[in-house]
Amino acid sequence: MNQKMFCFQCEQTACGKACTGAAGVCGKKADTAELQDRLTGSLIGLARLIEGNESLITQETNVLVTEALFATLTNVNFDNDAIEELTRRVEEEKQRLAPDCSVCGSACGRNDNYDMEKLWNADEDVRSLKSLILFGIRGMAAYAYHAAVLGYTDADVNSFFYKALFAVGMDDWGMDELLPIVMEAGEVNLKCMALLDKANTETFGDPVPTEVSLTVEKGPFIVISGHDLYDLKKLLEQTEGKGINIYTHGEMLPAHAYPELKKYSHLKGNFGTAWQNQQKEFADIPAPVLFTTNCLMPPKKSYSDRVFTTETVAYPGLTHIGEDKDFSPVIEKALALGGYSEDKVFAGINGGTKVMTGFARNTVLSVADKVVETVKAGAIKHFFLVGGCDGAKAGRNYYTEFVKQTPSDSIVLTLACGKYRFNDLDLGTIGGLPRIMDMGQCNDAYSAIQVAVALANAFGCGVNDLPLSMVLSWYEQKAVCILLTLLHLGIKNILLGPSLPAFLSPNVLNYLVENYNIAPISTPEEDLKKLLG
C-alpha cells in the first residue's frame with residue numbers, strides 16, 4: 001500500500017472512501033492508525049492461540065480484549081503510548097497463556113499476529129464482510145466494557161470476540177464462512193445491549209421521564225461527556241458539598257433520568273449539543289471537561305488545559321484520571337476557574353432551553369395499553385424511530401427537517417446523540433404523550449427494540465408490519481453493531497444516512513438491499529411520502 005494509513009471505519013472518512021493521508025478526518029494521525037492496526041493484529045494472534053484452547057481464557061484475558069477493542073473505536077484513543085502499552089499487554093498475555101509457544105520452532109501459526117494490510121488489500125467483498133465483523137465487535141466491546149465496569153459480564157459475548165477476531169484473520173475464508181459470523185455479531189450484540197441495560201438499571205434504577213435544563217448556573221461547574229454512568233456517579237460523589245455543579249454533555253444527557261443519579265441536587269442540567277460541536281462549544285467555558293468515553297475530538301490549545309480523560313480515552317498531553325478514580329485534578333480546576341458570574345442559557349440547535357429524556361422501555365411499556373388504544377382510535381397513526389449518531393458532515397440537517405415535517409398524528413422515538421438535531425423542538429403531545437420521546441444513549445436501542453416487539457405482540461403482527469419506520473444516522477462502530485442487531489432481528493425497510501458506509505462493497509450492499517430493503521435517505525419530503533404510503 002502506498003498510502004500513509006488506511007481507515008474507513010467511520011462515516012466521515014475522506015471523500016466517502018478512506019482516510020489514506022497523514023491524518024484521518026477524525027484527527028487520528030497515520031502513526032496512530034498503524035499502531036491501532038498492530039494492536040488489532042496482536043488481538044487476532046491471541047484469538048488464534050485460544051482457538052481450540054478455550055480453557056486457557058481467564059477473566060483478565062476477557063477484560064484486556066474488551067479494553068483493547070474499545071481503544072480502537074473512532075474518537076477514543078489518540079495516544080500512541082497508551083496504544084503501545086495495550087499491545088504490550090496483549091503480547092504478555094499470549095506469553096502467559098502459552099509460555100513455550102513463542103520459542104517453538106514449528107511453523108503452525110498458532111499465535112502469529114495478523115498483518116492488517118492483508119485485510120485492507122483483500123478482495124472487496126471479503127474486506128467488506130470482515131470489516132462488518134471487526135467494526136461490529138469494536139462497537140460491541142464498548143457496551144461490554146461499560147457493563148463490566150459495573151460488574152456485569154456475559155460468557156457468550158466474551159467468547160464471540162475471539163471467534164470474530166479469528167475469522168478476520170482467516171485469509172482463505174469467503175462469503176459462505178463470513179456472512180454467518182456477520183449475522184451472529186448482531187445476535188450477540190443484542191445480548192450485550194441487554195447486559196448493559198441490566199447493569200445500568202439494576203445499579204442506577206429504571207429511567208423516568210425528566211426535564212433537563214440547558215441553563216448553566218453561576219459558579220464553579222464541571223462538564224462530563226461520554227457514556228459511562230459509573231464515572232458520573234463517582235464524580236457526583238466527590239463533588240457533593242463542594243459548591244460545584246455538574247452538567248452532562250453529548251451522550252451523557254440520559255443520565256438525568258436515572259433515580260440514583262438524579263438524586264444529586266448538583267447534577268444541574270446539560271451543556272452543549274452533540275460531540276462534533278465541542279471544539280466550538282468548549283473554547284471559552286470557564287470550567288473543565290471530563291471525557292469518559294468517545295467522542296473526543298483533538299482539543300484546541302485554547303482549552304486543552306481544561307480537558308481531562310479517564311477509562312480508555314486518551315490524548316497526548318491531557319491529564320488522565322487513572323483506575324483510582326480520583327477526580328481531584330478536575331475538581332481543583334473547576335474551583336480555580338470559578339465558572340460564570342451569572343446564569344447563562346445555552347439554547348439547543350432550534351432555540352429550545354430545555355429537553356426531555358428518560359422514555360426508556362419501562363416508561364413506554366407502562367402506558368402500552370394507552371398507546372394501543374390511541375392507535376386503534378386513530379389518534380396515533382405512525383411511529384418513527386429517528387436516531388443514531390450525529391456528525392459534522394453536511395446533510396445531517398435532514399434529520400431536523402424530517403422530524404419537523406412528521407405528521408401531528410405521529411410519535412418520534414429517538415436515541416443517541418443524533419437527537420440533538422431536534423430534541424429541543426416542541427412538537428406537542430398526543431393523548432398526553434409527548435410527540436418526541438428520548439429513549440437514551442445509543443445502547444438504549446435495546447429499549448426501542450423491546451418497545452417495538454411489545455407493540456407487535458399487542459397488535460398480533462410482526463415488527464415489520466407495524467406502522468413504524470426507522471430513519472437512522474450513523475457515524476462510528478457502535479452504530480454498526482446496532483445495525484447488525486436490527487438485521488439479525490429481521491427488521492426491514494431501514495433508511496440509513498447521511499451516507500452509506502464506505503466499507504460496504506457493491507455486492508454486500510446489494511445483499512442487504514435484496515434481503516432487508518435497506519435504502520439511503522433522500523429528502524425529508526420524499527422519504528415521508530414513501531414511508532407513509
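In what follows, every heavy atom counts, from backbone to side chain, and hydrogens, waters and symmetry copies are set aside.
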| query | More than 12 heavy atoms of other residues, nucleotides or ligands under 6.0 Å from NZ of Lys492: is that the case? | reply | no
| message | Could you check whether atom CG of Asp426 has more than 12 heavy atoms from other residues, nucleotides or ligands sitting under 6.0 Å from it? | response | no
| message | Looking at Lys130 and Val168, would you say the former's side chain and the latter's main chain have a donor-acceptor pair under 3.5 Å? | response | yes
| message | Can you confirm whether Phe459 sits close enough to Pro467 that some side-chain heavy atom of one is under 4.5 Å from a side-chain heavy atom of the other? | response | no
| field | Over 12 non-hydrogen atoms of neighbours within 6.0 angstrom of NZ in Lys354 | value | no
| Flag, side chain of Asp424 to backbone of Gly351, donor-acceptor distance under 3.5 Å | yes
| message | For the CD atom on Glu323, are there more than 12 heavy atoms of other groups (residues, nucleotides or ligands in this structure) within a distance under 6.0 Å? | response | no
| Can you find a heavy atom in the side chain of Cys442 that is under 4.5 Å from one in the side chain of Glu476? | no
| said: Determine whether Tyr162 and Asn62 satisfy the following criterion, side chain to side chain donor-acceptor pair (under 3.5 Å), listing intermediate values before the conclusion. | reply: CA-CA 9 Å; Tyr162 302 103; Asn62 292 332; 2.8 Å; yes
| Thr414 versus Gly387, closest heavy-atom pair with distance | OG1-CA, 3.9 Å
| Shortest non-hydrogen contact from Thr74 to Asn294? | O-CB, 3.7 Å
| request: State, without any angle test, whether Thr485 and Asn189 hold a side-chain donor-acceptor pair at a distance under 3.5 Å. | output: yes
| field | No-hydrogen, no-angle side-chain donor-acceptor test under 3.5 Å, Tyr475 and Asn75 | value | yes
| request: Report the C-alpha separation of Trp474 and Leu483 in whole Å, then their side-chain angles, then the decisive distance to 0.1 Å, and conclude whether the side-chain contact (heavy atoms from CB on, under 4.5 Å) test is met. | output: CA-CA 9 Å; Trp474 82 284; Leu483 177 62; over 6 Å; no
| Spacing of Leu165 atom CG and Glu51 atom CD [to the nearest 0.5 Å] | 11.5 Å
| field | Pair Lys370 + Glu373: basic N to acidic O under 4.0 Å | value | no
| request: Could you verify whether a donor N or O on one side chain and an acceptor N or O on the other, from Thr293 and His227, lie under 3.5 Å apart? | output: yes
| note | To the nearest 0.5 Å, atom CD of Gln276 lies from atom SG of Cys295 at 9.0 Å
| query | Do Arg48 side-chain atoms and Gly169 backbone N/O form a donor-acceptor pair below 3.5 Å? | reply | yes
| Is it true that Lys325 and Glu311 have a side-chain N and a carboxylate O under 4.0 angstrom from each other? | yes
| query | Taking everything shown except Lys393 itself, do over 12 heavy atoms lie less than 6.0 Å from its NZ? | reply | yes
| field | From CA spacing to verdict: side-chain contact (heavy atoms from CB on, under 4.5 Å), Leu129, Tyr511 | value | CA-CA 11 Å; Leu129 292 170; Tyr511 174 87; over 6 Å; no
| said: Check whether Thr13 reaches the backbone of Cys10 with its side chain - one donor and one acceptor, N or O, closer than 3.5 Å. | reply: no
| said: Is a donor from one side chain sitting under 3.5 angstrom from an acceptor on the other, for Asn510 and Glu514? | reply: yes
| If we only count heavy atoms from C-beta on, is the Val471 to Tyr398 side-chain gap below 4.5 Å? | yes
| query | Counting N and O atoms only, with roles assigned by atom type, does the side chain of Glu54 sit under 3.5 Å from a partner on the main chain of Gly52, one being a donor and the other an acceptor? | reply | yes
| said: Quick one, Leu425 and Val403 - any side-chain contact, counting heavy atoms below 4.5 Å? | reply: yes
| message | Quick one: does any side-chain atom of Gln278 pair with a main-chain N or O of Leu296 as donor and acceptor, under 3.5 Å? | response | no
| request: Before giving the answer on side-chain contact (heavy atoms from CB on, under 4.5 Å), spell out for Val463 and Leu489 the whole-Å C-alpha distance, their side-chain angles and the decisive distance to 0.1 Å. | output: CA-CA 9 Å; Val463 172; Leu489 293 169; over 6 Å; no
| remark: Shortest non-hydrogen pair, Ser447 vs Arg361, comes out as OG-N, 3.1 Å
| Testing Arg138, Gln9, Gln36 for side chain to side chain donor-acceptor pair (under 3.5 Å) with Thr72, which one passes? | Arg138
| N-O pairing of Glu526 and Lys530 below 4.0 Å | no
| field | Residue pair Thr363 / Ser366, side-chain donor-acceptor N/O under 3.5 Å | value | no
| message | Any non-hydrogen side-chain atom of Phe384 less than 4.5 Å from a side-chain atom of Leu532? | response | yes
| field | Asn200 side chain to Tyr152 side chain, donor-acceptor N/O pair below 3.5 angstrom | value | no
| said: A side-chain contact here means heavy atoms from C-beta on lying under 4.5 Å apart; do Met175 and Asp125 qualify? | reply: no
| query | Within the side chain of Asn350, is there an N or O that forms a donor-acceptor pair under 3.5 Å with the backbone of Gly352? | reply | no
| Is there a donor-acceptor pair under 3.5 Å between the side chain of Ser225 and the backbone N or O of Gly250? | no
| task | Apply the test side chain to side chain donor-acceptor pair (under 3.5 Å) to residues Arg435 and Thr406: give CA-CA distance (whole Å), side-chain angles for both, the deciding distance (0.1 Å), then the verdict. | result | CA-CA 10 Å; Arg435 283 199 53 224; Thr406 54; 2.8 Å; yes
| message | Quick one, Trp173 with Ile181, criterion side-chain contact (heavy atoms from CB on, under 4.5 Å). Give me CA distance, side-chain angles, the key distance, then yes/no. | response | CA-CA 11 Å; Trp173 283 16; Ile181 298 179; 3.7 Å; yes
| query | Salt bridge check: are Asp156 and Lys191 linked by an N-O gap of less than 4.0 Å? | reply | yes
| query | Between atom OG of Ser131 and atom CZ of Phe8, what is the distance when rounded to the nearest 0.5 Å? | reply | 3.5 Å
| field | Side chains of Gln441 and Asp444 in contact at under 4.5 Å (non-hydrogen atoms) | value | yes
| field | Smallest separation among heavy atoms of Ile430 and Asp409, with atom names | value | CD1-C, 3.7 Å
| Is a side-chain N or O of Gln12 found less than 3.5 angstrom from the main chain of Ala392, in a donor-acceptor match? | yes
| remark: When rounded to the nearest 0.5 Å, the distance separating CG of Asp390 from CD of Glu11 is 10.0 Å
| remark: For Glu281 and Gly272 the tightest heavy-atom approach is OE1-CA, 3.3 Å
| Straight-line distance of Thr429 OG1 to Ile411 CD1, nearest 0.5 Å | 9.5 Å
| Heavy atoms, side chains only, cut-off 4.5 Å: are Thr292 and Leu232 in contact? | no
| Atom pair CZ (Phe161) and CD1 (Ile57), whose distance is rounded to the nearest 0.5 Å | 12.0 Å
| Over all atoms of both residues, closest heavy-atom pair of Cys389 and Ala416 | N-CB, 4.5 Å
| Donor-acceptor contact below 3.5 Å, side chain Asn53 vs main chain Leu56 | no
| query | Any chance the rings of Phe422 and Tyr399 have centres within less than 6.0 Å? | reply | no
| query | Between Phe70 and His146, is the gap from one ring center to the other below 6.0 Å? | reply | yes
